[in-house]
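A quick write-up on the structure given underneath.
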Amino acid sequence: MIEVSGLTKRFGSVQALSDVSFKVERGQIVGFLGANGAGKTTTMDIMCGCIGADSGSAKIAGYDIMEQPLEAKKRLGYLPDIAPLHTEMRVADYITFAARLHKVPNSQLVKQVDETLDRLSLGDVRHRLVGNLSKGYRQRVALAQAIVHNPDVLVLDEPTEGLDPNQILHIRELIKSLAGQHTIILSSHILSEVQNTCDRIIIIHNGTVVQQGSVEELASQAQSGRVYRLRVARNVDQLLPVLGAIGQIVAPRLVDKVSGELEFGLVKGADEHVVDEVSKLVVNGGYGLRELALRAHSLEDVFFQLTH
Ligand code: ATP
């Protein structure tokens with residue numbers, strides 16, 4: 001339903017995208033995850049025909065956004081990172097205006113606007129000025145303008161950015177409720193955001209796709225590494241380089257100097273006896289062993305490793 005192939009984009013000296021490719025199948029919700037500046041907005045702007053790519057292509061429901069923009073855009077709803085809201089308009093008037101822009105036929109206009117306002121629980125505020133709504137409601141209005149023409153594909157750029165936790169939950173539920181009827185790609189720099197909402201995750205870093213797969217696949221990849229949490233009574237910062245010098249130990253890092261906590265990983269296939277060596281070293285070195293335990297390796301670790 002979405003096919004992005006070999007996208008490259010440069011802004012002056014900044015190489016924003018290098019050969020970005022991915023596919024999203026019909027009915028999926030896919031999370032496009034990356035740190036600030038990774039290239040999410042640039043990719044989405046190109047996919048939606050807002051800016052051109054230097055090379056590569058993006059197809060929406062089989063239509064190339066550059067070569068057949070009208071056909072592609074008919075099937076596309078876009079919520080950009082800065083929502084295109086007309087604050088001086090009333091909610092229902094603005095959604096009607098958006099529907100007209102999307103060429104919804106006059107005969108269906110009232111029905112589709114009413115249905116959209118209902119789906120996003122905006123009926124009660126339909127006569128209010130957009131500019132007077134709370135941020136959460138404004139974001140719902142922004143979503144409404146993206147879905148009023150019932151597009152096959154929805155592209156949502158950081159849809160919960162800047163909302164409070166209750167509003168985030170509400171928008172998440174709304175997005176989940178849109179799945180099935182639409183194919184959705186949503187961007188975020190927050191892992192839990194995509195983990196909770198999406199079937200698949202595409203991770204982008206420095207303009208390149210570094211990993212993609214189902215949430216389960218990425219989670220099982222996360223399980224394949226082992227990370228230990230160690231807490232000592234004193235001199236934790238002196239212990240860090242000592243640990244780093246032990247073979248088979250990777251990425252030792254200070255978690256909290258005050259409570260004397262640090263973490264370290266074992267290389268894949270490492271002999272578990274290395275943990276005995278660590279405990280001996282801590283005790284014999286006079287650091288005072290307080291805790292040494294295997295920590296569940298999370299999806300967050302995979303994201304951290306791929307993007308640092
Ligand atoms: P964020 O989460 O902060 O929105 P992002 O992943 O959406 O980040 P992009 O906005 O796509 O990242 O930016 C990718 C890179 O391209 C960044 O280095 C950014 O500074 C640069 N960039 C984006 N748009 C422009 C522009 N119009 N002119 C110059 N550089 C740009």
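Whatever order the structure lists them in is the order used to number ligands and atoms, beginning at 1. As the structure is a prediction and not an experimental result, all values here were calculated from the model.
Closer than 4.0 angstrom to ligand 1 by heavy atom are F11, V14, A16, A35, N36, G37, A38, G39, K40, T41, T42, E158, sorted by chain and number.
Counting only N and O atoms by type, the side chains of H189 and E158 include a donor and acceptor under 3.5 Å apart. Between the side chains of D54 and T8, no donor-acceptor pair is found at a separation under 3.5 Å.
Salt bridge annotation for R126-D114: present, with a cationic side-chain nitrogen under 4.0 angstrom from a carboxylate oxygen. Under the 4.0 Å criterion applied to side-chain N and carboxylate O atoms, E291 and R231 are assigned as salt-bridge partners.
A cation-pi contact, defined as under 6.0 Å to the ring centre and within 45° of the axis, links R140 to Y137.
Annotation: side chain of P151 is in contact with side chain of H182 (closest heavy-atom distance under 4.5 Å).
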